[in-house]
Amino acid sequence: MPVELHERLSEFSYGYGVTREVERRLRQQGLRATPFLPSLLHEASLGFDVAFDRPGTPLLLQFKLGQAMRRFVPGPRPTLGQPFWRYHIDTAEPDGQFELLLKAEQDGADVFYLAPKFHDWEIYLDAFENRRVVRSSLIVSPGEIRRALDAHSVPDGAHKIVYDARSAYLCSEPLELASIRPSDLAGKLRAHVESRETPIGEVLEGVFAGFENRSAIRPPRASEDRDDPDRVAMRFHPIRGVSPSCAASVWSVFSAPAAAGRKRLRSR
C-alpha cells in the first residue's frame, strides 16, 4: 500500500522549509524576495502594494505532498529506483490549479512545483536543520509538463508525476520530465531577472490580468460553454490547492541593491 505523505509530514512545515531556503538562496545570488499571500491573486476587488519599478520576476512555488510508493501496478512503468514517490495533477480541470499556474508562467512568472524526496518527519527535521529541504525536493515547471504532453500527443486529464532521487516521469504512459536541479534554481532566477527590462510591476499586472483569461490556454472542447455564468462567477474564487497557507508561496523577486520605488498595482 502507498504511504500518504500527509500522514507523515506537515504541508505547512515542508512549505516553510522550502520557503526559508529559497529566500536564502536568492539572497546569495544578490536577489531580494518579497512574499505575498496567494489569496490576493484571486481577489479582483483588491489592490496590493507589491509592484516595484525595477526589473524582476514573480515567483510562484506550489508544494505537493503525494504518496511514497513500493511498487507499480501492472502496466507501462518507468525505470525508477527505491524509494520513489508520486503526486497527482489534473491538466484538464477548467479553472483548476494546473491551468492557473501554467497561465501565470506563460504570462511571465517563474512557476514551479516542489515535492519532497522523503516521507517521514525525522528525515525532514534533519534536512531542515542542515538546510537541505530544497536539495531533497523535485522541482518541475508546469510548462515542462505541458511540453511533455504536447510532444507525445497525450490528451489532458488526470495524470501522475512519478519520481525517484534522480528521475521524474509523467504517467500513465511514462514520459520523462526535465526537472530543475535545486542548486540551479536561484541562478536561473537571477539570469531571468538580469535579462528582463520590464519593471516587475508591469509583469505582475500582466500575470494578474491573465487570470481573467485562463481559458485562452485551454484546448477547445466541443461541449464547453464559454458563456457559462457559473464559470464567470467563479473567476476570482480561490483555486483548490492554492490558499493563504503554505500550500503555495508567491514572491516578487528583484535585484537587491538600492531602495525600490513602489507603486499601486490596480486590479483590472
Taking side chain as C-beta onward, heavy atoms only, is I161 less than 4.5 Å from Y113? no
Are Y87 and L65 packed together at the side-chain level, in the sense that at least one heavy-atom pair is separated by less than 4.5 angstrom? no
Does F63 reach the side chain of L61, with side-chain heavy atoms less than 4.5 Å apart? yes
Here the gap from I89 atom CD1 to D156 atom CG, rounded to the nearest 0.5 Å, amounts to 9.0 Å
Can you list, pair by pair, the side-chain donor-acceptor contacts under 3.5 Å of residues 22-29, counting residues two or more places apart and other chains?
residue : atom : partner : partner atom : Å
R25     : NH1  : P182    : O            : 3.0
Q29     : OE1  : R190    : NH1          : 3.4

Under the side chain to side chain donor-acceptor pair (under 3.5 Å) test, which residues partner H192, sequence neighbours left out? D110, R196
For Y163, which residues count as a ring-ring contact (aromatic ring centres under 6.0 Å, His included) partner, sequence neighbours excluded? W85
Among all residues two or more places apart in sequence or in another chain, which pass the salt bridge (charged side-chain N to carboxylate O under 4.0 Å, His left out) test with E144? R147
For the CG atom of L100 and the CD atom of Q62, what is their distance to the nearest 0.5 Å? 8.5 Å
Got a sec, which residues hit ring-ring contact (aromatic ring centres under 6.0 Å, His included) with Y124, two or more places apart in sequence or on another chain? W121, F128
A148 and L170: which non-hydrogen atoms are nearest, and at how many Å? CB-CD2, 4.3 Å
Distance-only donor-acceptor pairs under 3.5 Å for side chains of residues 133-140, two or more places apart:
residue : atom : partner : partner atom : Å
S136    : OG   : R132    : O            : 2.8
S137    : OG   : Y14     : OH           : 2.8
S137    : OG   : V133    : O            : 2.7

Who are the side chain to side chain contact (heavy atoms under 4.5 Å, CB included) partners of E176, not counting sequence neighbours? Y169
Is there a side-chain contact between T57 and V203 (heavy atoms, below 4.5 Å)? no
Can you see which heavy atom on Q97 is nearest to which on E93, and at what distance? N-OE1, 4.4 Å
I need the K160 NZ to M69 CE distance, nearest 0.5 Å. 8.5 Å
Do P116 and L9 come close enough that some side-chain heavy atom pair is under 4.5 Å? yes
Identify the two heavy atoms, one from A104 and one from L60, that lie closest to each other, and give their separation to 0.1 Å. CB-CD2, 4.2 Å
Locate the shortest heavy-atom distance separating F112 from S141; write the atom from each residue and the value. CD2-CB, 4.2 Å
Evaluate whether atom CZ of R131 has more than 12 neighbouring non-hydrogen atoms of other residues, nucleotides or ligands under 6.0 angstrom away. no
Do the side chains of V162 and L80 get nearer than 4.5 Å, heavy atoms only? yes
Working for side chain to side chain contact (heavy atoms under 4.5 Å, CB included), residues T91 and H159: CA-CA 7 Å; T91 63; H159 298 287; 3.6 Å; yes
Are the side chains of L114 and K64 in contact, using a 4.5 Å heavy-atom criterion? no
If we ignore hydrogens and angles and just use 3.5 Å, is the side chain of E105 paired with the main-chain N or O of L101 as donor and acceptor? no
Which heavy atom of H119 sits nearest to which heavy atom of P83, and what is that distance? CE1-CB, 4.3 Å
With sequence neighbours excluded, what pairs up with D107 under the salt bridge (charged side-chain N to carboxylate O under 4.0 Å, His left out) test? K103
CG/D164 to CZ/F84 distance, rounded to the nearest 0.5 angstrom? 9.0 Å
Taking side chain to side chain donor-acceptor pair (under 3.5 Å) as the definition, give me every residue that meets it alongside R181, ordered by chain and number, with sequence neighbours left out. D184
Which atom names give the shortest non-hydrogen contact between G108 and P58, and what distance separates them? O-CD, 4.0 Å
